[in-house]
Novice: 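Before I ask anything, let me first share the structure, which is written out below as structure tokens.
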Amino acid sequence: MPPLQPEKHFVVFIPEPFPAQSLGTLGARFEVRQGRTGAAYSEAELAKLLVDVDAIAISSRDPITARVIESAPRLRVIAKAGSKPSSNVDLAAAERCGVRVTWTPGANAVSVAEMALALMLTVVKRLPEVSAHLRDGGWRSYDLLGNELAGKTLGLVGLGAIGFEVARRFQVFGSSVIGYDPHVDAARSSALGIRRVDLPTLYAESDIVSLHCEMNPQTAGMIDATALSAMKPGAILVNTARGGLVNEEALLAALNAGQLSAAALDVFEKEPPPKGHALVVHPRVFATPHIAAFTHEASFRETSWALEDAVRILQGHEPLHLPLDISSLHTHP
């Protein structure tokens, strides 16, 4: 595909509106069309909206299917703000149609890592319980003793940018970190003090298991009854990655049986989960509405980097934030 002319007028569609601050990345040659906040667009709606669009900048909300891509003759760029576009972009269709796909690796790593640590502290200190006890007129009680992170072992499933940021922070507590990721160089893990192990070892040794891998056919439902039964009795499960990594029925059973002492969940199989969802209301689950990366700083980095790369491609330049190994976008367990 020949480079597009810098003086050309471009149309950029943003289905889920981006923060106004990040739109400064776009110049006068770009017509910006921002979509609706809230419910996702249907495939048919997106196909109509993209008929005369040169670039689309997305989050994880709207699925960019083959039909959507094939209905957009002018489309040259799909810029994903946040996690890998393999979660909601048909990469094969994009490649077939000559559409570049970008994402923003590392843009939300600090925010998600901080959230993972916040969730760990919330459940080990039993903060929801003790706060509710105080509101009910109670005071400190030995029945509500919490625990320390010091001396505990954290098991990270996935050692990408977020996993490494979690490891750095967790070690400050005087704790050890083990990790599983077959795609990360052992030397890099070792340099950060992470002992690489296989999954059975990670489950058996970890006081806290924290998920930081992507959702794909290999990882879907990986935290099932077998995995949960292999975990250290009384362990805590933290998930800030994708809800589909966890079999929710199996997790509920493990909590009810006392195999796990608690779970902290920022993501669910179906989002938003229905009101009264058994895990959301469970007394030993602390749940939040998929907000791990929902900070001012991460939102600005994700959206501005996505738009920056869309601009560069439309003007005939290479993106700045796409990883060197573009094939890694297709599969990464």
Side-chain angles (χ1 to χ4, degrees), residues 4 6-41 45-46 49-50 52-64 68-69 72 74-89 91 94 99-115 160-162 165 214 240-241 266-267 271 288-323 326 329:
L4 301 184
E7 64 274 11
K8 181 179 173 63
H9 174 80
F10 300 114
V11 177
V12 179
F13 179 53
I14 308 173
E16 188 173 6
F18 283 3
Q21 185 183 11
S22 65
L23 299 182
T25 305
L26 300 170
R29 291 186 301 277
F30 296 86
E31 175 189 342
V32 180
R33 300 175 186 171
Q34 296 215 69
R36 64 186 179 218
T37 301
Y41 286 98
E45 286 178 307
L46 281 174
L49 288 166
L50 294 187
D52 62 344
V53 166
D54 299 289
I56 181 170
I58 60 172
S59 64
S60 297
R61 188 187 75 174
D62 296 283
I64 310 302
V68 171
I69 295 168
R74 280 176 46 176
L75 189 64
R76 293 295 178 267
V77 189
I78 300 169
K80 173 76 181 293
S83 59
K84 287 185 178 181
S86 51
S87 62
N88 64 323
V89 177
L91 297 173
V99 178
R100 294 291 299 273
V101 181
T102 67
W103 66 300
T104 57
N108 64 13
V110 170
S111 289
V112 178
E114 289 182 351
M115 182 66 172
I162 295 171
E165 292 292 344
E214 76 167 90
T240 55
D266 186 50
V267 288
E271 295 185 343
T288 51
H290 202 154
I291 59 165
F294 227 56
T295 63
H296 290 287
E297 296 86 351
S299 179
F300 175 71
R301 284 192 297 267
E302 289 179 344
T303 54
S304 62
W305 290 6
L307 292 174
E308 182 179 28
D309 278 349
V311 168
R312 288 182 62 83
I313 291 173
L314 290 175
Q315 294 182 336
H317 306 297
E318 283 299 301
L320 293 177
H321 306 291
L322 186 69
I326 296 176
L329 292 175

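On a predicted model such as this, the values are computed, not experimentally measured, just so you know. These values consider heavy atoms only, across backbone and side chains, with no hydrogens, waters or symmetry-generated copies.
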Novice: State, to 0.1 Å, how close Arg100 and Ile313 come at their nearest heavy-atom pair, and which atoms those are.
Specialist: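 For Arg100 versus Ile313, the nearest heavy atoms are CB-CD1, 3.8 Å.
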Novice: Please examine the side chains of Ile291 and Asp266, heavy atoms only from C-beta on, and report whether any two atoms are closer than 4.5 Å.
Specialist: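 Sidechains of Ile291 and Asp266: in contact.
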Novice: Looking at NE2 of His296 and OG of Ser111, how far apart are the two atoms once the value is rounded to the nearest 0.5 Å?
Specialist: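 So the NE2 of His296 and the OG of Ser111 are separated by 10.5 Å.
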Novice: Looking at Ala107 and Arg301, what are the two nearest heavy atoms and their distance?
Specialist: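 That would be O-NE, 2.8 Å.
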Novice: When rounded to the nearest 0.5 angstrom, what is the spacing between OG1 in Thr25 and CG in Leu23?
Specialist: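 Going from OG1 on Thr25 over to CG on Leu23, the span is 7.5 Å.
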Novice: Within the 4.5 Å heavy-atom criterion, are Glu297 and Val110 side-chain neighbours or not?
Specialist: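 Glu297 vs Val110: side chains apart.
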Novice: To the nearest 0.5 Å, how far apart are CG in Asn88 and CD1 in Ile58?
Specialist: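 These two atoms lie 4.5 Å from each other.
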Novice: Nearest 0.5 Å, what's the CG-CD1 distance between Asp309 and Ile78?
Specialist: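 If I round to the nearest 0.5 Å, the distance is 14.0 Å.
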Novice: Please find the pair of heavy atoms, one from His9 and one from Arg74, that lie closest to each other, and give the distance.
Specialist: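 Closest approach of His9 to Arg74, heavy atoms only: O-NH2, 4.2 Å.
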Novice: For the atom pair CD (Glu271) and NE2 (His290), what is the distance rounded to the nearest 0.5 Å?
Specialist: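 Going from the CD atom of Glu271 to the NE2 atom of His290 covers 5.5 Å.
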Novice: Given Val101, which partner from the list Ile64, Leu91, Val77 fulfils the side chain to side chain contact (heavy atoms under 4.5 Å, CB included) test?
Specialist: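 When Ile64, Leu91, Val77 are each tested with Val101, the side chain to side chain contact (heavy atoms under 4.5 Å, CB included) holds only for Leu91.
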Novice: Pair Ile69, Leu50 - check side-chain contact (heavy atoms from CB on, under 4.5 Å), show working.
Specialist: CA-CA 8 Å; Ile69 295 168; Leu50 294 187; over 6 Å; no
Novice: Would you say that Leu307 contacts Phe30 through its side chain, given a criterion of any heavy-atom pair below 4.5 Å between the two side chains?
Specialist: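 No, their side chains stay 4.5 Å or more apart.
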Novice: Using a 6.0 Å cut-off, check whether atom OH of Tyr41 has over 12 heavy atoms from anything other than its own residue.
Specialist: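 Count over threshold, so yes.
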Novice: Within the 4.5 Å heavy-atom criterion, are Met115 and Thr288 side-chain neighbours or not?
Specialist: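 In short, these two side chains touch, coming nearer than 4.5 Å.
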Novice: For Ser83 versus Ser60, what's the shortest heavy-atom pair and its separation?
Specialist: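 For Ser83 and Ser60, the tightest heavy-atom pair comes out as OG-OG, 3.7 Å.
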Novice: Does the side chain of Leu26 come within less than 4.5 Å of Phe10's, by heavy atoms?
Specialist: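 A side-chain contact under 4.5 Å is absent here.
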Novice: State, with a plain yes or no, whether a side-chain heavy atom of Glu114 is found less than 4.5 Å away from one of Thr295.
Specialist: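 Sidechains of Thr295 and Glu114: no contact.
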Novice: Rounded to the nearest 0.5 Å, how far does NZ of Lys80 lie from OG1 of Thr102?
Specialist: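 If we round to the nearest 0.5 Å, Thr102:OG1 and Lys80:NZ are 10.5 Å apart.
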Novice: Within the 4.5 Å heavy-atom criterion, are Glu31 and Asp52 side-chain neighbours or not?
Specialist: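 SC-SC contact between Glu31 and Asp52 ruled out.
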Novice: Would you name the heavy atoms of Ala40 and Arg61 that are closest together and state the gap between them?
Specialist: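 What the structure gives for the nearest pair is CA-NE, 3.6 Å.
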Novice: Compare every heavy atom of Ile14 with every heavy atom of Phe18, then report the nearest pair and how far apart it is.
Specialist: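 Looking at all heavy atoms of both residues, the shortest contact is CD1-CG2, 3.4 Å.
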